[in-house]
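Data first, discussion second: the structure below is written as structure tokens.
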Amino acid sequence: ERITQDEDNDIVKRAKNMSSMAFSMYQFTRGEGALKTTQDLFTQGEYFAEEANRLYKVVRQFSYQVPAGPHKKELMEHLDQIPTYVQQLQFTVKNPTVGKAATFTKVDNVIQETKNLMNVISKVVTTCFVCATKYELRLP
């Protein structure tokens, strides 16, 4: 029952969706997967950032249930990094480029920003599960 409950919660759904998007972006760099053009990659980057914003809002709501203490502090420290990473990714995606070299650099930067954001998302989700388990809280 616990596994089904975890898979139904909004935090897990959004994190899995983001992980899938990040993987398809990675596949693009290898010439594989569904993304075929750099524009596809940049569009996926925008969706990824939007999903991160949605996850941020859900986790922010969840954080109100977590009692004050070291776990809440850790959750908030990770959570508060998300808007900065989202903003950096959105800026990178929207930055216009001219020429192959500039486009290649932009692709590289989008991948790096996505990786940075995914790393912090991973920490947020892990900390949410620690808090949910320790304090017997229900994830949204």
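The basis for the numbers below is simple: all heavy atoms, side chains too, and nothing from hydrogens, waters or symmetry mates.
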T38 and F104, any side-chain heavy atoms less than 4.5 Å apart: no

Shortest non-hydrogen contact between A15 and M118, atoms and distance: O-CE, 4.1 Å

Q44 side chain near L41 side chain, heavy-atom distance below 4.5 Å: no

Check against side chain to side chain contact (heavy atoms under 4.5 Å, CB included), Q61 and V58: CA-CA 5 Å; Q61 287 294 326; V58 172; 5.8 Å; no

Distance in Å, T126 OG1 paired with I121 CD1, rounded so as to fall on 0.5 Å steps: 11.0 Å

L55 side chain near I11 side chain, heavy-atom distance below 4.5 Å: yes

Check: M25 and I111 side chains under 4.5 Å, non-hydrogen atoms: yes

Heavy-atom pair with the smallest gap, counting every atom of G33 and Q27: CA-OE1, 3.9 Å

Least distance between heavy atoms, K72 atom then P67 atom: CB-O, 3.4 Å

Flag, side chain of S20 to backbone of K16, donor-acceptor distance under 3.5 Å: no

Beyond-backbone contact of N17 with R14, side-chain heavy atoms, under 4.5 angstrom: no

Cluster overlap F48 with F23, hydrophobic side-chain contacts below 4.5 Å: no

Heavy-atom check, side chain of H71 versus side chain of Y135, under 4.5 Å: yes

Euclidean distance, E136 CD relative to Q65 CD, rounded to 0.5 Å: 12.5 Å

Closest contact, heavy atoms only, K106 versus K94: NZ-C, 4.5 Å

From E51 atom CD to S19 atom OG, the distance as rounded to the nearest 0.5 Å: 12.0 Å

Any side-chain heavy-atom pair of K115 and Q112 under 4.5 Å: yes

L79 reachable from L137 in the ILVMFWY side-chain graph, under 4.5 Å edges: yes

Side-chain donor or acceptor of S24 paired with backbone N/O of M21 under 3.5 Å: yes

Linked, directly or transitively: Y47 and Y56 (ILVMFWY side chains, under 4.5 Å): yes

Value rounded to 0.5 Å, distance of CD in E74 from SG in C131: 7.5 Å

Interatomic distance, Q39 atom CD to T103 atom OG1 [nearest 0.5 angstrom]: 10.0 Å

Cluster check M76, V124: I/L/V/M/F/W/Y, side chain < 4.5 angstrom: yes

E32 atom CD, over 12 foreign heavy atoms within 6.0 Å: yes

Taking distance alone, no hydrogens or angles, what donor-acceptor pairs closer than 3.5 Å link side-chain atoms of residues 80-93 to residues at least two apart or in another chain?
| unit_1 | atom_1 | unit_2 | atom_2 | d |
| --- | --- | --- | --- | --- |
| D80 | OD1 | R60 | NH2 | 2.9 |
| T92 | OG1 | Q88 | O | 2.8 |

Any side-chain heavy-atom pair of T37 and F42 under 4.5 Å: no

Heavy-atom closest contact (V107 atom, F28 atom, distance): CG1-CE2, 4.3 Å

Separation between CG of L75 and NZ of K123, rounded to the nearest 0.5 Å: 13.5 Å

